[in-house]
Amino acid sequence: MKTSLPLKILNVIGLIIMVAIFAMPFIWMISTSLKTLGETMVFPPKWIPDELIWENFISAWNSGPFLQYFMNSVLVSVGILIFQFITVIPAAYAFARYEFRFKNVLFSLVMVTMMIPAQLIFLPVFLNLSDWGLLDTLWGLILPFATSAFGIFMLRQTFKQVPEELLEAARLDNSTDFKIMMKIMVPMAKPTLITLGLFNFITHWNDYFWPLVMTTTESARTLPVGIAQLRQVDGGVAWNILMAGNVILVIPILIIFFFAQRHIIRAFTYTGVK
Amino acid sequence: MRSAKWRPYFFVAPAIIVFLVFFIQPIFYMIYLSFHDWNFISPDKTFVGLGNFKDLLSDPMFLEVIRNTLMYTFFTVLFSISLALLMSIWLNKQGWMYSFVQGAVFSPHIISLVSIAMLWMWIMDADYGLLNWVLSLVGLEKVPWLTDPNTALSSLIIIAVWKNIGYFTLIIIAGLQSIPKHLYEAAALDRTPPWRRFAKITFPMLSPSLFFLTIIGILDSIKVFETISIITKGGPLNSTNTLVYYIYENGFIFFKIGYASAAGVILLVILSILTLLYFKVLSKRVHYQ
Amino acid sequence: MAKIQLKNVSKAYGNNKKVIEDMNLDIQDGSFTVLVGPSGCGKSTTLRIIAGLEDVSAGEIWIGDQLVNDVAPGKRGISMVFQNYALYPTMSVRGNIEFGLENMKIPKAERKKMVEEIAEIVDLTEYLDKKPQNLSGGQRQRVALARAMVKKPDVFIFDEPLSNLDAKLRGQMRTELIQLHKRLGTTFIYVTHDQVEAMSMGDEIVILDKGHIMQQAAPMEVYHNPANQFVANFIGTPSMNILSKSMVEEKTGTITDERISYVGFRPEHAAMQVEKLAASGINLSCEIITMETLGSETLYLVNSDAGQFQVKSFQAPLVETKKVDITIPMDKLYYFDTQGNRVFVEDIPFQTPAREVRGEVLV
């Protein structure tokens, strides 16, 4: 299986082009974010700005209540994460380890919910939240995602793989069910929980649709919605400011991706690989 | 021992309550609303039977929306899968170089659609965009990517494919790696030419992954909203208006709640069919293993 | 310390699949009782019922003088060693041993002392802070033992604890467990499918089949006095040879006892000779089909006109010989009825042994 040298070089060139197609836009984003407005309006475009305009980030940050957006984003993402762990772990444990009436019915309900996208139910949920006075609140962004069908499904699989003997040993050790769950099952499911946590954090950090629909003022808006509205600030499009805003949005995720690439890929490809 | 009987119900209750309140009830509420005429502000909901559905189906704009959605979905899935198939065969190798490329290709998948939409809006800018610059390098004319009704939908498809392809590639690579090596060894002993090897071993063994991607791809594309909302707002001339954006527009901008709900019910029907199909094939696959 | 009693215990899964039916079992205080039987005989279920890991469908379980049907497993004073050790993988050796004590709300200082004492006994002191994954099979086994011992239970339960060890280690652990039992004097209940393990370890053996107790007795009693054909078959390697009544009658004349339909004898009791033997017994001329030499002994599979059977001999292997004469002593015969139950006879139940056959087949 020897490959000739020209073929090898061709292969590497191909790979470089491939990386360029997927990475270049991000470099372009960063490059733009450091330009003056004038520099964005030249053709052919410039890759490296004459002078790095770091002020663009400050302008972007100051063009709206971004501290609030950022805090809202953190609260929503972390809040969802905490709620999901509280609801998903016991549910997954029950579905994996107990026999009870209506178990199959309830689990079918989980599977059905897994297939219902937010885009299908946003209108009635919006009406409900408005009735309950939860529009424009962080609760309206957190509660609908306070549990995760996908999380229950995935964690149940993991819990099912824990050998029955371990649980029996724990019962003989006079352990309560709750302690079995927290001290034996949860530590054993740590990789799955990390995966789930990353998946959920990234998904909800990035989410634009739900906060856009469920908020009408800036009090509960999150970063993606705030960034998307940068565009409407002035009449024309200030691409340099816009891209600076997006760099702020993208950088945390790219940093996490850099450090936890394998976990993240596992998290996002879990259903498909199975 | 008595309390143990209730424990599982107690454990699943929080999750089930959230599902019922935020997912299941809204579905039925939406179906209910679809038979009514309501503008959100007035206290009365007028029962109109199938009126909303009749209006929808006789509205040329809605038919266009359906057409756009189907076109968008079909081409996005088609290109995503076929390109990902080629790339996965290329990238299915060991070594830091390949895992780096895989990571790079995958990265758009975890970026907020807001950033992707704005970034591509800028890249596809007719006057100063990067894409037209690349075209100019090979001597082509500038293209008004997002501002021309003839090219806007295709441009959105390009963006979607760019975002999807890394994810699709990784799924297919995982599928490729799960094909038992001995099949290829047997084929090599039989002196099978590469093309036949692909057609007779690789492709059939990949079919579960490809089927999964098709369904996921369709489910994902059919609910496209972010890029449209940020980049085109359904325009120009309704050429990129798709189902979810249409529901959003009618519900939140025109306050035609009943009408929007009826469109939602149509989306529900489409999703249900796809989901049933998916689980049916999935359960078969599990049985054969 | 406690004796254990099962009274009319039944266990069924679903609607009709009975695993155990109306079982009555007494396990003496301080005994080393081995439950043995083929897979699916209900031995593990019995064990798990005693431990409280399975509910019973009917009947009573008594530990000491307490009815424990509704007592949680952790409160029955039982420790269990599992087949795969069932060590908590996310806890250190110390954590594993301590977990049960923690649940018993024993103060921390005392716990620490108990763990260290036990670690000393099983020779694990230097591994206390290691994770089970980093230990060898034998060490894991000892952690499992330590975890069981530290709770000072009334009853130890072992579910095929040695089946994952290699042959040499298994032998070693066998003796260690026997010594442990002697030292602690606690009731041991031990499940295995391996009859050699059962014979060598138990002071009492319970042989189970299809959810019924076939026999409960001391090891040598079970070997010498099997209660039925099943036990006769199950205990002893190779198992007892069983010949049908009609085949035997051709050699010995009519069997007088009507209850008898099968005649059995152990392979090691059949005397194989190339020359005439005076002792009374059933004489069969046989052809050797296969031969397995095992060092101290040799196993032959032979064919006679009374059927195929196995013979174990402690003499030098008969390499060249094809035909042999085999005598089965009358007093080493076992008799069984149509159901396979043992038939006890006082006299030799044959009319007239057909002596004339003997002379013809000698080499």
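Remember, predicted model here, so these are calculated numbers, not experimental data. In what follows, every heavy atom counts, from backbone to side chain, and hydrogens, waters and symmetry copies are set aside. Residue numbers start from 1 in every chain, and the chains themselves are labelled A, B, ... in the order their sequence lines are given, proteins ahead of strands.
Within the 4.5 angstrom heavy-atom criterion, only side-chain atoms of A:M243, from C-beta onward, approach chain B. If you measure heavy-atom distances from B:L91 to chain A, the contacts under 4.5 Å come from the side chain alone. Neither the backbone nor the side chain of B:I173 comes within contact range of chain A; no heavy atoms are under 4.5 Å apart. With a threshold of 4.5 angstrom between heavy atoms, B:Y98 approaches chain A through side-chain atoms but not through N, CA, C or O. Proximity to chain A (any heavy atom under 4.5 Å) is shown, for B:I257, by both the backbone and the side chain. Contacts of B:L33 with chain A are made by side-chain atoms alone, with heavy-atom separations under 4.5 Å and no backbone atom involved. With a 4.5 Å cut-off on non-hydrogen atoms, B:S107 touches chain A through its backbone and its side chain both. Both the backbone and the side chain of B:F23 come within contact range of chain A, each with at least one heavy atom under 4.5 Å from a heavy atom of that chain. Using a 4.5 Å cut-off between heavy atoms, B:S99 touches chain A through its backbone atoms (N, CA, C, O) alone. In this structure, chain B has a heavy atom under 4.5 Å from the side chain of A:L242, while its backbone stays farther away. Of the atoms belonging to B:I165, it is side-chain heavy atoms, and not backbone ones, that fall under 4.5 Å from chain A. Looking at B:M121, both its backbone and its side chain come within 4.5 Å of chain A, counting heavy atoms on both sides. Heavy atoms of B:Q25 lying under 4.5 Å from chain A belong exclusively to its side chain. Proximity to chain A is limited to the side chain of B:L271, based on heavy atoms less than 4.5 angstrom apart. Residue contact with chain A, scored on non-hydrogen atoms closer than 4.5 Å, is absent for B:K93. At a 4.5 Å heavy-atom cutoff, B:D220 makes no contact with chain A through either its backbone or its side chain.
For A:F258, the CZ atom sits in a loose shell: 12 or fewer heavy atoms of surrounding residues, nucleotides or ligands are nearer than 6.0 Å. With a 6.0 Å radius and a threshold of 12 heavy atoms from other residues, nucleotides or ligands, B:F100 has its CZ atom at or below the threshold. Residue A:W139 places its CH2 atom among 12 or fewer non-hydrogen atoms of other residues, nucleotides or ligands, all under 6.0 Å distant.
A:P25 has its side chain within reach of B:I123: a pair of non-hydrogen atoms, C-beta onward, lies under 4.5 Å apart. Here the side chains of B:W90 and A:N11 are in contact, with some heavy-atom distance below 4.5 Å. Between B:V18 and A:F83 there is no side-chain heavy-atom pair separated by less than 4.5 Å. No side-chain heavy atom of A:N240 sits under 4.5 Å from any side-chain heavy atom of B:W122. Between B:L20 and A:L109 the shortest side-chain heavy-atom distance falls below 4.5 Å. Within the 4.5 Å cutoff, the side chain of B:Y128 has no heavy atoms near those of the A:W239 side chain. Using a 4.5 Å heavy-atom threshold, the side chains of B:I247 and A:L120 count as separate.
Here A:D177 is the residue among A:V125, A:I202, A:D177 with the most heavy-atom pairs under 4.5 Å with chain B. Taking chain B as the reference chain and counting heavy-atom pairs below 4.5 Å, the highest number among A:L127, A:V19, A:V12 is found for A:L127. Residue with the most contacts toward chain B among A:I21, A:I16, A:L254: A:I21 (heavy-atom pairs, distance under 4.5 Å). Contact count versus chain B (heavy atoms, under 4.5 Å) is highest, among A:T87, A:V213, A:N246, for A:N246.
Residue A:I121 holds its CD1 atom at 11.0 Å from CG of B:L267, rounded to the nearest 0.5 Å. Atom CZ of residue B:F11 and atom CE of residue A:M181 lie 4.5 Å apart, to the nearest 0.5 angstrom. Atom CE of A:M115 and atom OH of B:Y278 lie 6.5 Å apart (nearest 0.5 Å).
Note: A:F22 and B:W162 have parallel aromatic rings, judged against thresholds of 30 and 60 degrees for the angle between ring planes. The aromatic rings of A:F268 and B:F106 lie perpendicular to each other, with more than 60° between the two planes, well past the 30° mark. The aromatic rings of A:F100 and B:Y9 sit perpendicular to each other, their planes meeting at more than 60°, with 30° as the lower class boundary.
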Evaluate the criterion side-chain contact (heavy atoms from CB on, under 4.5 Å) for residue pair B:M30 and A:L123; output intermediate values, then yes/no. CA-CA 8 Å; B:M30 181 174 76; A:L123 187 60; 5.9 Å; no

Before you tell me yes or no, could you show the steps for B:K223 and A:F209 under side-chain contact (heavy atoms from CB on, under 4.5 Å), namely the whole-Å CA-CA distance, both residues' side-chain angles and the distance that decides it to 0.1 Å? CA-CA 11 Å; B:K223 58 183 204 204; A:F209 177 73; over 6 Å; no

List the steps and the verdict of side-chain contact (heavy atoms from CB on, under 4.5 Å) for B:E226 and A:Q119. CA-CA 11 Å; B:E226 285 85 350; A:Q119 284 84 346; 4.2 Å; yes

May I have the step-by-step check of side-chain contact (heavy atoms from CB on, under 4.5 Å) for B:Y248 and A:L212, ending in yes or no? CA-CA 11 Å; B:Y248 170 80; A:L212 173 78; 3.8 Å; yes

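A donor-acceptor pair under 3.5 Å is formed between the side chain of A:N206 and the backbone N or O of B:I110.
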